[in-house]
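Reading through the structure tokens given below for one structure.
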Amino acid sequence: MNGANILFYLLAAMILGSGLLAVTTRQLFRAAIYLLFSLIGMAGMYFWLQYEFIAAVQVVVYVGGITVLIIFSIFLTQQAGEKMLVKKTGQQIFAAIAAFCGFALVMVQIVQNNFTATKNLSLSPSVTNIGNQMLGVDKGGYALPFEVVSILLLAALIGSIVIALRTPTQTS
Amino acid sequence: MILTAITLGFILEKVILVSIILGGSLGIAMYSTWAERKVAAVMQDRRGPNRAGPFGLFQPLADGLKLFMKEEIIPTLSNKFLFILGPSLAMLMACMTSAVIPWGPNIVHADGSVFTLQVADINIGILFIFGVVSLGVYGIMLGSWASNNKYSLLSGLRAAAQAVSYELAMGLSLIALVMMSGSLSMREIVEQQHGFWNNGYFTWNFFKQPLAFVIFIVCSFAELNRAPFDLSECESELVGGYHTEFSSMKLGFYLFAEYINMFITSIILSSLFFGGYNYPGMDWVALHVSPLFVSIIGVLVLLGKAVAFILFFMFIRWTLPRFRYDQLMDLGWKSLIPLALFNMLVTGAIILAFQK
């Protein structure tokens, strides 16, 4: 077992451990903090794989952006420090089934495609390549999905502004 | 994996470099507190600290000792784990950014081996800095929530909203810079600004991207939580803001992290826009004196630029009054972001025009 392996298991333990704590803790705020550590562990895993760009994007978007927003909304909800109630058994069963289905979906993909180790990368994960691929209109380019996703985000943005702007209508 | 290539000498070299950088930034942060008081005193026609040592130079030591000796109070209703995690995270994030900063030109030994004055030259240096900066707000948020205090909570809310809003404009202003230099590596961006004058124009990015610089420096004030954007710790409304409940060295960590952040931000500003360790006439020095001197003067020049920026931050703090919160949001969303987008558009158009 060399240094790289040890690092991998440390990162995996961090991701899984904090992920488990995030779903089992009954304090909402702590769950968010554990989620934060889990996401940082993911970023570490990308760094370990030497996908620096994706790792940095993971930190900027998920750790620095989305989790801040989650915590921000927890700040605004009341009694965030109180322990949450234990969910009903029915809800627990359905949650378990949903989690299992998600896990099965990923596992099927992993088993069906056998990943083999290779020295020659088809495309080096440099920023230039990612940019060209993302906005490419040739074969294998992602310009169309990229634009579709941006329209979806624009719609969400306008929608949230409309909701925020709504003045209480007068009911006589 | 890359880990197999690491030798003991490499580790030793990096450990020494990290210790020097850490010690240096702590020392500079310490004397920034002294400088801040002196600047405030000059601005307000007072004398400032002048009892401990000559010109009050031992004042930071006395302050540190005082903070260590003070009684440590943790509120009983607070969330103890997060209460301790808050200031620790603030300090950790403040120190982490220094890893990707190129402190000086490479030193080439006689036997051809190269000593880099940089802890890690990762090829996404700017994104790394940006990521760590976006993590900086967690220290404030955790501490403020764990204090179980209404003033702290309000302060945490303000800090979070402010950080998220100003990060956007900061990132957009950097995109224009990255588009122009075509690299995300800090060292490469600094190397591109070699010397001072080349082909009939300035090499420093400030002269190519003045608007990006203005947006970036305004956003750094906001990210640093310094006046005129220090709404998360404004005494007149929120008592002490997020550090109301903190005492002893935990309070010290928060205050200290702010000064380290200020130093690192000054270094980043001078690296990205003011040529970093480059200075006019460095080729002449390399040719006529010795390449080693280029590196030594380079490090000193970088530190000099950083000190100039620190003083600028202080002058602004003691000159401008604090914004109101809606004004702060208006400035961020309605002025800086459209300006940054406009800057991006113009930069793109100019790059396209010059390519043909």
Side-chain angles (χ1 to χ4, degrees), chain A residues 1-8 21 25 27-30 32-34 36-37 39-40 43-44 46-82 117 124-128 130-131 157 161, chain B residues 1-6 77-79 81-82 85-86 89 93 96 100 120-138 140-142 144-148 152-165 167-168 170-171 174 178-179 182-185 333:
Chain A
M1 200 143 123
N2 55 16
N5 277 346
I6 295 172
L7 213 58
F8 172 81
L21 281 170
T25 183
Q27 283 171 312
L28 198 55
F29 193 81
R30 287 206 176 181
I33 300 301
Y34 289 130
L36 168 75
F37 282 115
L39 290 171
I40 290 177
Y46 289 134
F47 266 121
W48 183 82
L49 288 166
Q50 291 180 304
Y51 290 155
E52 282 105 350
F53 180 73
I54 300 173
V57 169
Q58 165 91 8
V59 172
V60 172
V61 174
Y62 285 97
V63 182
I66 290 180
T67 318
V68 171
L69 286 181
I70 291 176
I71 292 180
F72 190 75
S73 46
I74 291 175
F75 273 167
L76 291 175
T77 54
Q78 286 186 342
Q79 294 177 328
E82 308 285 306
S124 90
S126 71
V127 183
T128 321
I130 291 173
L157 209 67
I161 290 173
Chain B
M1 263 327 279
I2 204 161
L3 286 174
T4 48
I6 291 175
L77 278 173
S78 70
N79 202 323
F81 170 64
L82 295 176
L85 193 66
L89 266 184
M93 294 309 164
M96 245 166 78
V100 293
D121 182 16
I122 52 178
N123 53 16
I124 43 125
I126 287 193
L127 271 179
F128 176 85
I129 288 178
F130 203 60
V132 176
V133 166
S134 65
L135 292 181
V137 71
Y138 277 110
I140 295 175
M141 285 171 79
L142 293 189
S144 66
W145 191 83
S147 302
N148 196 21
S152 299
L153 187 67
L154 279 174
S155 150
L157 269 173
R158 284 182 171 190
Q162 180 179 330
V164 170
S165 317
E167 250 162 42
L168 287 175
M170 199 179 202
L174 275 185
V178 170
M179 273 160 70
S183 169
L184 287 170
S185 151
W333 289 97

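Residue numbers start from 1 in every chain, and the chains themselves are labelled A, B, ... in the order their sequence lines are given, proteins ahead of strands. No experiment lies behind these values; they were computed from the predicted model shown.
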message: Going by ring-ring contact (aromatic ring centres under 6.0 Å, His included), name the residues that satisfy it together with F8(A), two or more places apart in sequence or in a different chain.
response: W48(A)
query: Most heavy-atom pairs under 4.5 angstrom with chain B, which of L69(A), I71(A), V68(A), V57(A)?
result: V68(A)
Which atoms of [X] are under 4.5 Å from chain A, going by heavy atoms: the side chain, the backbone, both sets, or neither?
X       : value
L127(B) : both
A163(B) : neither
S183(B) : neither
L157(B) : both

message: If I take atom CG from residue L36(A) and atom CG from residue L89(B), how far apart are they, to the nearest 0.5 angstrom?
response: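 So the gap between those two atoms works out to 7.5 Å.
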- request: For L39(A), check side chain to side chain contact (heavy atoms under 4.5 Å, CB included) against everything at least two apart and list the hits.
  value: L35(A), Q58(A), Y62(A), V63(A), T67(A)
query: Is any side-chain heavy atom of F37(A) less than 4.5 Å from a side-chain heavy atom of L21(A)?
result: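 SC-SC contact between F37(A) and L21(A) ruled out.
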- prompt: Taking S144(B) for the side chain and I140(B) for the main chain, is one N or O donor matched with an acceptor at less than 3.5 Å?
  reply: yes
